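Here's the structure we're looking at; comments come further down.
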Amino acid sequence: MTLINTPDPEDRARVVAQDLANVLHPLVQHRALEKKQMVVVSAQGSTVFDADGSAFLDAMAGLWCVNIGYGRRELADIAAEQMRAIAYYPHNAMNLPAAQLAEQINTLMGGGYHVYFVNSGSEANEAGFKFARQYAKHEFPGEFRFKTIARYYAYHGTTLSTLAAGGMGDRKVKFEPYDGAFVHAPAPTCYRCPMGLEYPSCGVACAKAIETTILGEGPQTVAEVIVEPIMSGVGVAVPPEEYLPMVEAICRKYDVLLHVDEVINGFGRTGRMFGHQNWGISPDIMAVAKGIISAYLPLAATVVKNKVFDSFLGDPADGRQVFQVNTFGGHAAAAAVAVRNIEILLEEQLAQRAATMGAYLMDALKGRLMKHAIVGEVRGRGLLIGIELVTDRETKVQLAGALVQGVVDHCRENGVIVGRSGGGARHSNTIVLSPPLIITRGECDTLVEALDQALLAAVATMAGAG
Ligand SMILES: Cc1ncc(COP(=O)(O)O)c(C=O)c1O
């Protein structure tokens, strides 16, 4: 079958039949897909088109990743040009685009890092866990530092180890058991503080809990702490200002590496090139994916500080080199596309744009949506925003799942794609927004209008049921 890029009902029906008979999709229930599908054929800017001709304003940038927006033809040209020269060769050899991309990332970090290429955010974190353990083996020979301290309600990926590091029980439960290398501490989810405290009188107890956890486990068993600067999947939890600097200081105190997950936060999303730069901390290990290439091709990376890189240096016979390989890492065509993606982010000042457009959108959301009693809080930074839905602002009881899903569905029926947090029973009642960083004011207005109408419909459903 030829690719369809113009609406054609027959082609669409054929794709649906072919897909249902052959594809196993992630997350969605196939019984639901049998009834209703989306068949994407093209996209431009912040808009995605279905084969049936309908258009959707994509306020999720795919899966929080198409930072420079859809339909940049020059990226297709760059991929084609690089593929004509050489698409791929294993990365134990060097290639020009991967070297260029590594230099770009190192420069964005202010220097002092090396970059290891992989294909997904999960792999980037997974490589980070392994690098932390290998570093500890080299640097603390008398100790057994292998544990990663993570936070409850975090999401770090879909492989067994990244799931183990994550703290979303509902996502983990079907794949139990996990190994004991991942230990959890409470997360800075202030709207629902896990310790029942309030900022600032809490004294940022959740950061102190990281120290308690390291001490409880025994520092000589802990290799690293992993944090996503702004926790995305749980419903956009922006930590208190002191939190990340406190966590960094605790890591330094116990010689524990600080592993920062920038898979969503990175590449402009939060108004800075990297999320951690909002707090001036300095990762030892950093995972990047998604916005590094705005999902034009699969590419991700684990970025390590030179103190970690240096630990892997030695005579080949010493066996200190990185003990892993992945076939596609450093793929030349993907790297060439990522280089141009980052140039576009810089040329069009999209991180700054995320800050200003994010402020505009946040003001508009607060102005229009807080009138609904079911909106508990609108929060976020840059173009990473959460709208937490409750039955009542005082009690903060979570809005029922069906009603939250109803808001998502209502928006979609009206041509706007929004997301929903995935933190299990306690944290899946937040509407999440992560649009392309090129979203316009007019599109922000459309998004706010769609949410306003969807919330009105949810309130009417509640009144009807009551
Ligand atoms: C914070 C974070 N880390 C890691 C991942 C895993 O990335 P991937 O899906 O590319 O494996 C995700 C995916 O959404 C994520 O949100």
Side-chain angles (χ1 to χ4, degrees), residues 25-28 58 60-67 116-131 148 150-168 170-172 175 182 184 187-189 224-239 244 258-270 274-276 278 283 285-303 326 328-329 331 334 338 341 380-386 417 419-424 427-428 430 432-435:
H25 285 271
L27 286 178
V28 290
D58 181 9
M60 280 306 290
L63 267 182
W64 331 67
C65 54
V66 188
N67 289 14
Y116 179 81
F117 290 108
V118 292
N119 312 295
S120 69
S122 302
E123 275 180 272
N125 279 323
E126 189 94 31
F129 305 149
K130 291 168 75 181
F131 291 164
T148 293
R151 283 98 46 89
Y152 286 114
Y153 300 116
Y155 182 74
H156 295 299
T158 193
T159 59
L160 279 173
S161 287
T162 51
L163 265 183
M168 291 185 172
D170 61 325
R171 292 208 183 207
K172 298 167 76 162
F175 316 109
F182 299 91
H184 294 87
T189 44
E224 59 159 12
V225 171
I226 184 170
V227 290
E228 185 187 18
I230 296 175
M231 297 174 80
S232 315
V234 68
V236 185
V238 184
L244 286 165
L258 177 60
H259 175 162
V260 176
D261 182 339
E262 291 274 359
V263 170
I264 287 179
N265 282 208
F267 297 96
R269 169 76 41 214
T270 71
F274 297 109
H276 71 265
N278 288 296
I285 295 173
M286 178 174 82
V288 286
K290 298 190 191 262
I292 190 176
I293 191 163
S294 294
Y296 276 80
L297 282 171
L299 183 141
T302 312
V303 184
N326 59 308
F328 297 143
H331 195 282
N341 171 66
R381 190 165 292 203
L383 283 167
L384 184 58
I385 294 175
I417 296 172
R420 181 180 166 191
S421 58
H427 284 288
S428 51
T430 299
V432 290
L433 307 176
S434 172

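Positions are given from 1, in the same order as the sequence printed here. Worth saying up front: this structure is predicted, and the values here are computed from it rather than measured. Every number for a ligand or one of its atoms is a count from 1 in the order of the listing. Atoms considered below: every heavy atom in the structure, side chains included; atoms not considered: hydrogens, waters and symmetry mates.
Every atom of ligand 1 is numbered from 1 in the order shown, and the set under 4.0 Å from a heavy atom of Ser120 is 10 (O), 11 (O). The ligand atoms of ligand 1 that sit less than 4.0 angstrom from a heavy atom of Asn125 are 3 (N), 4 (C).
With values rounded to the nearest 0.5 angstrom, Ile292 atom CD1 is found 12.0 Å from Leu297 atom CG. One finds the CZ atom of Phe117 at 10.0 Å from the OG1 atom of Thr302 (value rounded to the nearest 0.5 Å). Summarising the geometry, atom CG belonging to Leu244 is positioned 10.0 Å from atom NE2 belonging to His276; distances are rounded to the nearest 0.5 Å.
Closest to atom 15 (C) of ligand 1 among all protein heavy atoms lies Tyr155 CD2, 3.7 Å. Atom 14 (O) of ligand 1 has Lys290 NZ, 2.9 Å as its closest protein atom, hydrogens excluded (heavy atom only). Of all protein heavy atoms, the one closest to atom 16 (O) of ligand 1 is Ile264 CD1, 3.1 Å. For atom 7 (O) of ligand 1, the closest non-hydrogen atom on the protein side is Gly121 CA, 3.3 Å. With hydrogens left out, the protein atom closest to atom 11 (O) of ligand 1 is Ser122 OG, 2.5 Å, a heavy atom.
At a heavy-atom distance under 4.0 Å, only backbone atoms of His156 (N, CA, C or O) approach ligand 1.
Relative orientation of the Phe328 and His331 rings is perpendicular, given thresholds of 30° and 60° on the angle between their planes.
Here the two rings, on His259 and Phe129, have centers that are under 6.0 Å apart.
His156 pairs in a side-chain hydrogen bond (donor to acceptor under 3.5 Å, both in side chains) with only one of the listed residues (Thr148, Thr162, Asp261), which is Asp261.
Residue Met231 places no heavy atom under 4.0 Å from ligand 1.
Here the side chain of Thr159 pairs no donor or acceptor atom with the backbone of Ser122 at under 3.5 angstrom.
In terms of polar-atom proximity, Glu123 is not counted as a contact of ligand 1, lacking any N or O under 3.5 Å from an N or O of the ligand. Checked against a 3.5 angstrom limit, the closest N/O atoms of Val263 and ligand 1 fall outside it. Between Trp64 and ligand 1, a contact under 3.5 Å exists for no N or O pair.
Using a 4.5 Å heavy-atom threshold, the side chains of Asn67 and Lys290 count as separate.
Relative to atom 2 (C) of ligand 1, the option among Asp261, Thr158, Thr162 with the closest non-hydrogen atom is Asp261.
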